[in-house]
Amino acid sequence: TLIQSLEDKDYKRASLLLQKLTQCMEDFIKHGPTDLNTNYLQKTSPLKAPDGTTWNQIGFTLLTDGSVEVKIKSKVKTLPLKDLTQLMSGNKTRDLLLYILKFSGQFSREQLEGGARKNYKSYISALRKDLKTLFQIEEDPIDSNRDGSYTTKFSASCQSPYDFFDIRHS
């Protein structure tokens, strides 16, 4: 962090962090908070896929420790749940993604719980936007089926023996 860099007298790092802060503030003034987050993620997302990547080359696995393994082509990254939460636009989209992993990428409104069930269309729309932004893939990551169910174009799995809510609140 900036404060830590200053305390450590690492002025080169502090200078770089101040430059980033200045750019973020300029983006905030120009675009407002929502666009700022989107613009920032488009530039800095650790999940940005190489050009030409399609959703079928992306995979998510909810691991036994509650972290999420993300595979982009042959590269694998493991994200603690708190890091995934910071990348998403909010807990709602993160929670929906975790539900989807629990159901291995095939789900319907009836399988969802709470707000995700009541407002599923807006949740799915927000998740689609988050995923497109994070991975920089324009194609829709989630297909809507005629029977009202959904299927992800990316692979989704869950290795965790714990209940979804236990993981989410850890």
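Atom set for the values below is all heavy atoms of this structure, side chains included, hydrogens, waters and symmetry mates excluded. The model shown is predicted, which means the values in this text are computed figures rather than measured ones.
A 6.0 Å sphere centred on CG of Asp8 holds more than 12 heavy atoms belonging to other residues, nucleotides or ligands. Within 6.0 Å of the NZ atom in Lys73, the count of heavy atoms belonging to other residues, nucleotides or ligands exceeds 12. For Lys132, the NZ atom sits in a packed shell: over 12 heavy atoms of surrounding residues, nucleotides or ligands are nearer than 6.0 Å.
The OG1 atom of Thr93 sits 13.5 Å away from the CZ atom of Arg128 when rounded to the nearest 0.5 Å. Put simply, OG on Ser15 and CG on Asp10 are 10.0 Å apart, with the number rounded to the nearest 0.5 Å. In this structure, the separation between NZ on Lys71 and OG1 on Thr78 is 12.0 Å, given to the nearest 0.5 Å. Atom-to-atom distance recorded for Leu62:CG and Lys102:NZ is 10.5 Å, nearest 0.5 angstrom. Put simply, NZ on Lys129 and CG on Leu134 are 11.5 Å apart, with the number rounded to the nearest 0.5 Å. In this structure, the separation between CG on Leu127 and NZ on Lys92 is 13.5 Å, given to the nearest 0.5 Å.
For residues 109-129, no residue pair satisfies the ring-ring contact (aromatic ring centres under 6.0 Å, His included) rule, not counting sequence neighbours. Sorted by first and then second residue, the pairs that involve residues 128-151 and meet ring-ring contact (aromatic ring centres under 6.0 Å, His included), not counting sequence neighbours, are Trp55-Phe135, Phe60-Phe135, Phe107-Tyr150.
A donor atom on one side chain and an acceptor atom on the other are found under 3.5 Å apart for Ser157 and Thr61.
Residues meeting the side chain to side chain contact (heavy atoms under 4.5 Å, CB included) test with Thr151, sequence neighbours left out: Gln106, Asn145.
Side-chain contact between Val70 and Leu84 is absent, with no heavy-atom pair separated by less than 4.5 Å. Counting heavy atoms from C-beta outward, Leu16 and Lys20 have side chains that stay 4.5 Å or more apart. Side-chain contact between Pro141 and Ile58: absent, with no pair of heavy atoms (C-beta onward) separated by less than 4.5 Å.
The shortest non-hydrogen separation linking Ala156 to Gly105 is CB-N, 3.6 Å. Pairing each heavy atom of Gly66 with each of Leu81, the nearest pair is O-CB, 3.8 Å. Ser67 and Pro80 make their closest contact through CB-CA, 4.0 Å (heavy atoms, listed as atom of the first residue, atom of the second, distance).
A chain of hydrophobic side-chain contacts below 4.5 Å, direct or via other Ile, Leu, Val, Met, Phe, Trp or Tyr residues, connects Leu18 to Leu6. Side-chain heavy atoms closer than 4.5 Å link hydrophobic residues (I, L, V, M, F, W, Y) into clusters, and following such links, possibly through other members, connects Tyr11 to Leu17.
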Inset, instruction - Would you sort out whether Leu97 and Asp130 count as a side chain to side chain contact (heavy atoms under 4.5 Å, CB included), showing the intermediate values? - result: CA-CA 10 Å; Leu97 178 62; Asp130 275 1; over 6 Å; no
Legend entry - From CA spacing to verdict: side chain to side chain contact (heavy atoms under 4.5 Å, CB included), Leu63, Val68: CA-CA 6 Å; Leu63 302 174; Val68 177; over 6 Å; no
Inset, instruction - Decide salt bridge (charged side-chain N to carboxylate O under 4.0 Å, His left out) for Lys153 and Glu139; before the verdict, give the C-alpha distance in whole Å, the side-chain angles of both, and the deciding distance to 0.1 Å. - result: CA-CA 10 Å; Lys153 291 182 182 175; Glu139 176 188 14; 3.3 Å; yes
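Between the side chain of Gln86 and the backbone N or O of Asp83, no donor-acceptor pair lies under 3.5 Å.
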